[in-house]
> 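Next up is a structure, given as structure tokens.
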There are 2 protein chains.
Amino acid sequence: MELLRSGEGFQLFYEGREIINHSYKSPFIFAGIGEASYDMYRGNFEITNEISEKMALSNFQIHEKQDELEIDFSRNGLFNIKVKIFVEENLLKIKFSSNEKDINRVWIRIKGNEKEHLYGCGEQFSHFDLKGKIVPLWVSEQGVGRNKKTYETFMADVEDRAGGDQFTTFYPQPTFVSSNKYFLHVKDSSYMKFDFSKNEYHQLEIWNIPEEIVIGVGENYIELLKILTDFFGRQPELPFWVYDGVWLGVQGGTDVVLKKLKAAEDKGVKVGALWAQDWEGKRVTSFGKRLIWNWVWHEELYPGLDKEIPKLNEKGVKFLGYINPYLSAGGSLFIEAESLGYLVKNVEGKDYLIDAGEFDIGIVDITNPKGFEWYKGVIRKYMIDFGLSGWMADFGEYLPTDAVLHNGLSGELMHNLWPTLWAKVNRQAIEDAGKLGEIVFFMRSGYAGSSKYNTMAWAGDQNVNWELDDGLPSVIPAALSLGMSGMGLSHSDIGGYTTLFGMKRTKELFIRWAEQAAFTPMMRTHEGNRPDDNWQFDSDEETLEYLARMNNIFMLLAPYTKSIVKENSDNGTPTMRPLFLHYENDEKSYDIQYQYLYGKDIMVAPVIEDKVRSWKLYLPEDNWVNIWTGEEFKGGEIQVNAELGYPPVLYRKDSNFKELFEKITKEYGYN
Amino acid sequence: MELLRSGEGFQLFYEGREIINHSYKSPFIFAGIGEASYDMYRGNFEITNEISEKMALSNFQIHEKQDELEIDFSRNGLFNIKVKIFVEENLLKIKFSSNEKDINRVWIRIKGNEKEHLYGCGEQFSHFDLKGKIVPLWVSEQGVGRNKKTYETFMADVEDRAGGDQFTTFYPQPTFVSSNKYFLHVKDSSYMKFDFSKNEYHQLEIWNIPEEIVIGVGENYIELLKILTDFFGRQPELPFWVYDGVWLGVQGGTDVVLKKLKAAEDKGVKVGALWAQDWEGKRVTSFGKRLIWNWVWHEELYPGLDKEIPKLNEKGVKFLGYINPYLSAGGSLFIEAESLGYLVKNVEGKDYLIDAGEFDIGIVDITNPKGFEWYKGVIRKYMIDFGLSGWMADFGEYLPTDAVLHNGLSGELMHNLWPTLWAKVNRQAIEDAGKLGEIVFFMRSGYAGSSKYNTMAWAGDQNVNWELDDGLPSVIPAALSLGMSGMGLSHSDIGGYTTLFGMKRTKELFIRWAEQAAFTPMMRTHEGNRPDDNWQFDSDEETLEYLARMNNIFMLLAPYTKSIVKENSDNGTPTMRPLFLHYENDEKSYDIQYQYLYGKDIMVAPVIEDKVRSWKLYLPEDNWVNIWTGEEFKGGEIQVNAELGYPPVLYRKDSNFKELFEKITKEYGYN
């Protein structure tokens, strides 16, 4: 690092990047006192923040020590904050401390510039490049529609306060990647807001004095993501069975799911797994069919399942279930956790019951090591030992800010960490059983640290439509921003999930979604919250044929997919990649958020509009081949045919997997 | 005033009311630096405020002088603000000054308490008692629907950013009346926000260092409003012709309006005036029929109007027009003002053209004394001398914050003052013609000072429906809050105005609105922005009969109305009064906002719901008589019949106007 003093301020550089530009007028740090209120309704938050004081810490005193800078900031002696800056394991670290206990808000300004692009912040569904945006970082429901100009969001807001906005997300993370090729992470779990709306600086608002800011740099994005994931941890490789057929999201009991399996197989669909979220039973609410939330096999709904699973496994079909961090009040596990004192408490010291939508739930206190062990035991006993090959580890966003926890931290500070802890429970349960690399769980919620534990992200609950902010298109920026945050494995519900306010999944949406899913590491269907309103994989024969086609292509790609998943495990290079990752000198590639590289060699431009059969996409300069026609391109904007079943996909002519791609052209191309 | 010092702070009392309670933890004043952005679209504002510093001015030094306190506030020597407190003409004045030019935000805490009620703040459509609310004070369009949970507001927001919310208003005023029987006014025109959500204090956020705060006290509310209107100025009495028949809002040209007059008269409707907003021509936009905005008689649309007006006047029918502070680009008046240099300029020094909804307008710069005189001349020449007996002086909310004005003040600071200045132009034009007390203009926009110039307020553009926030009900709290702010004369469009997004005025709504209007100082109909979608006074014979009935009752009340209008002119006691004005010991009376006293002797509880024929109302302890039945009540909650044409109305048995009321019972009571 390099320090440059000027008359009234200073600049700090790290590996040639200007990080701090402190002046009297635009100080590096502001400090203040605020009071927040968090109003949660079923995972949706209304948050207010009253600032009683905010001071620009213009005054500073630098103490240069060996390998370390120590800077005392204040405002004329008020609001003292000590900052230590040093390099440790190739990372720049900026540590904060203060003796003043009142201070609970800081605003930090990191040097920015006009042409910068900014990515990451966890899973962002509406905007990939965050330049110009103000990004709140708070774990919550993602919202329905996520756009105040849509009817669905309006209705969801009116009926359930559930509409969300373009920045509500299950999986935020206080980490961004700058096109100046550095990443910055704020090590803290309080509510934050990253303001990228200014050219001169990025203002990081943090509702706490953070422990530290960590900055890493890379010569290129691949190296940068390697350094980023060295810091956060990476996901292990997936078992090969994940690439060997589509997972059918089915429910309704043993007979029903077996019938659905047969119907699919009869039409040539190779099924990799049956995923039955209602393996533990179901209930009906006004939202649609919901689950029992007591994580034991529901024998009445799934008679003989214990015998069926081994049979299915033998013929190459896995069986997966569902769990979340909550227990339905009155259920057997709830009663057990309650009696053991393992439930999260409210301020009165009683078990904290929250409304999950027409039924109450308790939260297992996984900050209590005994509670953590107990819940791991639940997973081991009722899921792993029962024979499940994986599960959706749902939710994680509903920890109330006034919860009283065993570890003594406030609900406000634990709220964002809950998804990470929840991922850790699942991961360790699998590791303890010695089944890492065999069993897969997948999660929607997340925060810093999740990428170390979670084996696979899923994009949550999209609307069953084409809306940019919450329909099929949104899963692409979601995957790309996750990738830039260190979570390189993700997929989404084929066909979307949320089916409310007149929405109904169409046949074309289902097919287009399946097309896109074939170019992710995992294909999984979902019936949605109101299955009867939605087009399903077995709603007609043609749909089954399209699904079989995309699934066959997905299976053919398995060696390639396996190799790029390994790249993610080894180096943190995500499977779904923004174009600039491999074409960093192509300025246009920085603005693209509905097209991606699947690995280095495949360009995917999913059709995300209804009723179109031709699609425009952008190619950086390289030798590209249309996988369905063999037609070659050198780069630039091109228009391609995009009949159903033929999503715009090109591969690099120089790829090591060229033969594999040519096989796809031969077997599945236009002719 | 009385000062009480304590260890770390002080208290200030005025006439027994605790006004200031300064302590280190909760100081009287905070100061800061902020930057606002105002994004205006057709009179609707999106306002953001970035605070870079905010300091609690905990440190203070009191200098006690003769008849004056001088207090120097600061935060450890930073952000110095000097406050002088003294009594002048029975008002407590708190003056502010500072040498620090950066300071442009202050937050002032006035002592509050849990049981307090708070009223005023100009015209408030959704909430009369503002306790618990946060009230922004910024002149703007009132909004369509004004409630984010309604479909109309959603659509207006999506299509035009025009939905508004429960606090958007044409006529805000930084003045409130506390149930501790004092009023407080902040003398400043910047954006403000009065936060009444705390029990301990009312926090006044002011985007400027205000000149002063003025506080007056009264033994009772009648006296308090006298003192308040001594300070702000009161409205003159209305000419008697205002009480002598309904004003028909008509348009479409000479023939059409005369035909409508005849149709009404044929059905026994005594018409006091024809009010033709399109006297200067009309245009059609997607919003509906709009006007030309060039304030001269449109001879093509109104042939022979110059001859018709005297004839109408002779038979007791006045003729009224319309004007606003803007000139349609390209019109004759625009061209004249442009050539004289009387238009408001933009930052480039060019005439500031703004979008009024599919056509552009210029704004006459009435901060320029010559522009002011010229516009007065326009009113005199084209309206008064032409023979108009009054007009709607519309708008006043669209001054852009970046406007460049002749008087050198910023658009930001002049924006809120524009309605006052606009009222002054109209008032002086009438006074110059020697016609005050003969001619009436009526305005929707307003601010502190308006009540001195405006001859009559009108509640603006309600939706043609029953919605609490923007339909018929909303005009009642609007009138009551105006009354508590010093504007004691107001009325509304009978039937409402805004007809969009599927809204259509029904017959019943029109009739119920006419019922309410009969108990205000003025009855005036409006066709709405889309007349063809609305039920009109002449849509069927029965409607004309109902209108005639309510109009007859209104005319019978004329002596009473005249007397209460005089009370307003003499003492500032508004015509439409909250119940507590005369029953201050009745705790229940403080919570009522959809019922009012019309003068001291008439209790009005308008039916504000569709399809009901019975109504519940509350009576403070007194001797009350149902005006339609003669039935007597002593007080409490009662349920009365409320057939169409019989709005729940009671009078005080001890009233001096008892005979008049008995006449109404006899002639218009049930059977």
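Labels below follow one simple rule: chain letters A, B, ... track the order of the sequence lines, proteins then strands, and each chain is numbered from 1. If you're wondering where the values come from, they're calculated on a predicted model, not measured in any experiment.
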> What's the spacing between B:Lys149 NZ and A:Arg161 CZ if we round to 0.5 Å?
7.5 Å
> Quick one: of B:Asn76, B:Leu78, B:Val158, who has the most non-hydrogen atom pairs under 4.5 Å with chain A?
B:Leu78
> First locate atom CH2 of A:Trp107, then atom CD1 of B:Ile51, and finally report the distance between them rounded to the nearest 0.5 Å.
10.0 Å
> For A:Glu50, is it the side chain, the backbone, both, or neither that has a heavy atom closer than 4.5 Å to a heavy atom of chain B?
side chain
> Does atom NZ of B:Lys193 have more than 12 heavy-atom neighbours, drawn from other residues, nucleotides or ligands, at distances under 6.0 Å?
no
> Tell me, yes or no, whether the heavy-atom count around A:Glu35 atom CD, taken from other residues, nucleotides or ligands under 6.0 Å, exceeds 12.
no
> Classify the angle between the aromatic ring planes of B:Tyr151 and A:Tyr151 as parallel (below 30°), tilted (30 to 60°) or perpendicular (above 60°).
perpendicular
> With heavy-atom distances below 4.5 Å as the criterion, would you say the side chains of B:Glu53 and A:Arg75 are in contact?
yes
> Any side-chain heavy-atom pair from B:Lys148 and A:Asp157 closer than 4.5 angstrom?
no
